[in-house]
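For the numbers below, each heavy atom of this structure counts, side chains included, while hydrogens, waters and symmetry mates do not. Order of the sequence lines fixes the chain letters, A, B, ..., with proteins taken first and strands second; residue numbering starts at 1 for each chain.
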There are 2 protein chains.
Amino acid sequence: MADDIFKALADPTRRTILDELTERSGQTLFELCGRLTMKHQLGMSRQAVSQHLAVLEGAGLVRSRREGRYKFHDIDPEPLRHIAERWIGPDTKDGTP
Amino acid sequence: MADDIFKALADPTRRTILDELTERSGQTLFELCGRLTMKHQLGMSRQAVSQHLAVLEGAGLVRSRREGRYKFHDIDPEPLRHIAERWIGPDTKDGTP
DNA sequence: ACTATGGGCAAGTAACTACTTGCCTATCAA
DNA sequence: TTGATAGGCAAGTAGTTACTTGCCCATAGT
C-alpha cells in the first residue's frame with residue numbers, strides 16, 4: 001500500500017504529472033502529453049504518459065473519470081498527507097539505553 | 001535533491017532501515033544487519049545493507065559518525081518534513097474551464 | 001457509411017537497481 | 001605480531017522499470 005505510493009513517487013516524470021494535475025485538474029491524456037512536452041521539455045510517447053498515469057492510479061494518487069471518449073484525471077493528494085509521519089517523531093530521539 | 005529523497009524512499013528495505021533507526025538511533029552496520037534479519041526476516045548480505053545506507057546518506061536522510069572502527073548511523077528526518085507539501089494545497093481545486 | 005480523435009493492449013528493448021561474491025584496509029584485543 | 005572484528009571497494013548478475021512500436025477499440029463529427 002505505502003509501497004505503491006513511494007514507488008509511484010520515485011519517478012520524476014510522475015511527480016511532474018502530479019504537479020501538472022495540481023496546477024490544473026481534470027486533464028486528459030493528450031492534454032498532459034502536450035504540457036509535459038511544452039512546459040517541461042519532456043518528449044515522450046502517449047503510451048509512456050498513459051503508463052505513468054496507470055501507476056499513479058494504482059497508488060491511489062490519481063483518480064480518473066470517463067466521459068464519452070474523454071478521460072479526465074484528477075489528483076488525490078490524500079494518501080500523501082501522512083506518508084512521512086512514521087519517521088517524524090514529536091521530538092528527536094537518542095538511543096541511550 | 002528531492003529526486004534522491006524519493007528514490008531513496010522507493011525501496012522497502014531502506015524504509016525499514018529508517019524505521020529501525022527511528023526506533024533506535026546510532027546503530028552500526030552489523031547491528032542493523034542483525035535486526036533486519038531477526039526482526040524483519042530480511043536476509044541479505046552486509047554489503048547490501050551498506051549500499052542501502054549509502055543511498056540514504058546520499059539523500060541526506062541518514063548521517064553517520066565514525067568512532068574508531070565503529071560507524072554509527074542516525075536518521076535525519078528533516079528532509080522528509082515538507083516533502084509532499086507541493087501537492088497538498090489548502091483547498092481542493094477543480095478544473096472547470 | 002466513413003474518417004478523425006481519444007485511448008487501450010500488448011510485446012520488445014535499453015537502462016537501471018538490488019544484491020552477491022571476492023578481496024582489501026583499519027582498528028582493537030591477545 | 002597474530003587474529004578477530006568492523007567496514008570499504010569494486011565487478012558481475014538477475015530482476016525491474018521506463019519507454020517505444022505496432023495494432024486494435026470506441027466515441028464523435030461529416
Rounded interatomic separation in angstrom, taking [atom1] from [X] and [atom2] from [N]:
| X | N | atom1 | atom2 | result |
| --- | --- | --- | --- | --- |
| A:Asp11 | D:dA18 | CG | P | 5 Å |
| B:Asp4 | C:dT17 | CG | P | 11 Å |
| B:Arg65 | D:dA6 | CZ | P | 16 Å |
| B:Asp3 | C:dC16 | CG | P | 13 Å |
| B:Lys71 | D:dG7 | NZ | P | 8 Å |
| A:Gln51 | C:dT13 | CD | C1' | 13 Å |
| A:Met44 | D:dC19 | CE | P | 4 Å |
| A:Arg66 | D:dC25 | CZ | P | 15 Å |

Considering only [options], which nucleotide approaches the side chain of [X] most closely?
| X | options | result |
| --- | --- | --- |
| A:Leu29 | D:dG7, C:dG8, D:dA18 | C:dG8 |
| B:Lys7 | C:dG8, D:dT20, C:dT17 | C:dT17 |
| A:Ser50 | C:dG6, D:dA6, C:dG8 | C:dG8 |

Salt-bridge criterion met for B:Asp74 and B:Arg63 (N-O under 4.0 Å): no

Does the pair A:Arg15/B:Asp3 count as a salt bridge with the N-to-O cut at 4.0 Å? yes

Straight-line distance of A:His52 NE2 to A:Leu29 CG, nearest 0.5 Å: 11.5 Å

Please name the pair of heavy atoms, one in B:Pro79 and one in B:Ile5, separated by the smallest distance, quoted to 0.1 Å. CB-CD1, 3.6 Å

Go through the steps to decide whether B:His73 and B:Glu31 satisfy the test side-chain hydrogen bond (donor to acceptor under 3.5 Å, both in side chains), and finish with yes or no. CA-CA 10 Å; B:His73 300 271; B:Glu31 215 171 331; over 6 Å; no

Over all strands shown, is A:Arg46 touching base, sugar-phosphate only, or nothing at heavy-atom distances under 4.0 angstrom? base

Residues of residues 52-60 of chain B with a heavy atom under 4.0 Å from any atom of DNA chain C, listed by number, are B:His52

D:dT20 phosphate, OP1 or OP2, under 4.0 Å from A:Ser45 side-chain N/O: yes

Taking the nucleotide of DNA chain D with the closest heavy atom to each, which residue, A:Gly68 or A:Gln47, is nearer the 5' end? A:Gln47

Map A:Thr13 and A:Tyr70 onto DNA chain D by nearest heavy atom, then report which one ends up closer to the 5' terminus. A:Thr13

Spell out, as yes or no, whether a donor-acceptor pair under 3.5 Å connects the side chain of A:Arg35 to the backbone of A:Phe30. no

For the side chain of A:Arg14 and the backbone of A:Val49, is there at least one donor-acceptor N/O pair under 3.5 Å apart? no

